[in-house]
Amino acid sequence: MTDVVVIGAGVLGASIALELARRDMRVTVLDKAGDAGHGSTGASSAVVRFNFSTLVGVSAAWEARFGWQDWAGHLGAEVGELARFERCGLAMLDVDAAPRSAYLPYFDEVGVPYEQWSAAELRERIPGIDAGRYWPPKPITEDRFWDEATETLGAVYTPDAGFVTDPQLAARNLADAARAHGAEFRFHAEVRAIARAGDRVRAVTLTDGTVLPCAVVVNAAGPWSGRINELAGVGSEFTVRTRPMRQEVAHLRAPRGDGIGIAVADMDLGTYMRGESGGGLLVGGTEPECDPFDWADDPDGVHPHPTMAVFEAQATRAARRFPELAVPNRARGVVGVYDVAADWTPIYDRTDLGGYYVAMGTSGNQFKNAPVVGKFLAAIIEQTERGIDHDTNPVRFTGEHTGRVLDLSAFSRKRPYNAENSGTVMG
């Protein structure tokens, strides 16, 4: 017998399991993969940054940063080798779609340290960078991609940003900490049905016929979350829709073999970059309008290998920003699937089915919030199961590190569309 079934053992599902197990709930986590973090988490660039289009987004990311900074303390259990947070700093290059004025007031209110750089300061702090303004992003196949810049841009630098060195290991750390508090993880376990009794969830049935009676289900299945919602018969009340999107992240050699340096968010050209130990460089896209979105109706049918077309686009854009960067003639990188919300903001909420909760629509930008997402869901579940309607009386979550009070209705399934979002993975 279990109290809660969490579907999905990615970094968010494992975080939710840990926080519920800490509250003495009997938790069973199901995942059809072979270990924690083997889905979208494993393909994450694991960037920890604070640039978001909403105050609650900045507040959540800043609170989560303290968890990454003291990862062992956050886990609160002996789990063996730990994922490591690399504090390398991040430079958000100026861009019309996300001007400084849109997020610096949030930084000021939350207390996120930052520096404002001119183009000259950008060149000084990040040697080898081209400070030209090329907006808007263009396909590399068009001649105008190569037009010379007539203006320059600066950046906003956040020294406390960085990345987690091994996202899969971070998920396993959370899973092991949850186990230490009594949670059970079942892998190669695929959900076939979700039963209800009246207006409440009653049980989860696996494809092997196993039936798990439970009082609460949490859907944290990433790009498969929509399919799980269909099994539960929920989602018709959602005002925010989600859809799986295939994504690629290119692996290159860093220019000059510099290895880990300041990460760069470059929406001006449509990329982001962060270093790796040993001189590697990860380059991902920021979904510029000139690139077609690669929607995936079936996450299981996604082509698992990087394509030369996407690789060349990402690598060439990165090389435009860093002219010393070499573009290989063979694609190398990883492929993942985002569960993209229409406004690029996640859904952490109850649903109209009693006992059924969702952590979905994470849009490729919520890995960084793993230390707090489990706490968000635990707070929503505790309040709702006590009979308090989160829809009409939203949970107000107080961060233990920052003291910031977050109104979790910002992540509601019924929220108004956030028209201020960047329209990209940047949120």
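For the single chain, residues carry numbers from 1 onward in sequence order. Treat the numbers as computed from the prediction; the structure is a model and nothing was measured. Just so you know, these numbers use all the heavy atoms, side chains as well, and skip hydrogens, waters and symmetry mates.
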- Starting at CD of Gln168, measure out to OG1 of Thr165 and round the result to the nearest 0.5 Å.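 Answer rounded to 0.5 Å: 12.0 Å.
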Where [X] and [Y] come nearest, the two heavy atoms and their spacing:
X	Y	result
Arg49	Ala61	O-CB, 3.4 Å
Val240	Ala342	CG1-N, 4.0 Å
Thr242	Gly361	CG2-CA, 3.7 Å

- Task: Only pairs at least two apart or in different chains count here, so list each ring pair (Phe, Tyr, Trp, His ring centres under 6.0 Å) that has a residue in residues 79-106.
- Result: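 Matches after skipping sequence neighbours: Tyr103-Phe107.
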- Query: Taking only residues at least two apart or on different chains, which pairs with a member in residues 300-343 satisfy ring pair (Phe, Tyr, Trp, His ring centres under 6.0 Å)?
  - Reply: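 Of all non-adjacent pairs touching residues 300-343, those that pass ring pair (Phe, Tyr, Trp, His ring centres under 6.0 Å) are His303-His305.
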- In terms of side-chain geometry, is the basic nitrogen of Arg84 or Glu86 positioned less than 4.0 Å from the acidic oxygen of its partner?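 So Arg84 pairs with Glu86 through a salt bridge.
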- Evaluate the side-chain proximity of Glu109 to Leu55: yes if any heavy-atom separation is below 4.5 Å, no if none is.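 A side-chain contact exists here, since the closest heavy-atom pair is under 4.5 Å.
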What pairs of donor and acceptor atoms, side-chain ones from residues 396-406 against any protein atom, are under 3.5 angstrom apart with sequence neighbours left out?
| unit_1 | atom_1 | unit_2 | atom_2 | d |
| --- | --- | --- | --- | --- |
| Glu400 | OE2 | Lys375 | NZ | 2.5 |
| Thr402 | OG1 | Glu63 | OE1 | 2.8 |
| Thr402 | OG1 | Arg404 | N | 3.2 |

- Applying side-chain contact (heavy atoms from CB on, under 4.5 Å), name anything that partners Ala177, two or more places apart in sequence or on another chain.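 Leu18, Leu75, Ala77, Val79.
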- side-chain contact (heavy atoms from CB on, under 4.5 Å) with Val201: which residues, sequence neighbours excluded?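 Val201 satisfies side-chain contact (heavy atoms from CB on, under 4.5 Å) with Ile194, Val217, Leu353 only.
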- Think Arg350 forms a cation-pi with Tyr356, using NZ or CZ under 6.0 Å from the six-ring centre and within 45 degrees of its axis?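 Ring-cation test returns no.
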- Is it true that Trp68 and Phe367 have ring centroids separated by less than 6.0 Å?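 Distance test on ring centres: under 6.0 Å, yes.
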- Message: Test of understanding: with side chain to side chain donor-acceptor pair (under 3.5 Å), list the residues that count as partners of Arg65, not counting sequence neighbours.
- Response: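 Testing Arg65 for side chain to side chain donor-acceptor pair (under 3.5 Å), a comparison that skips the adjacent residues, returns Gln69, Asp160.
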- Check the angle between the aromatic planes of Phe50 and Trp62 and answer parallel, tilted or perpendicular using the 30° and 60° thresholds.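 Phe50 vs Trp62 ring planes: perpendicular.
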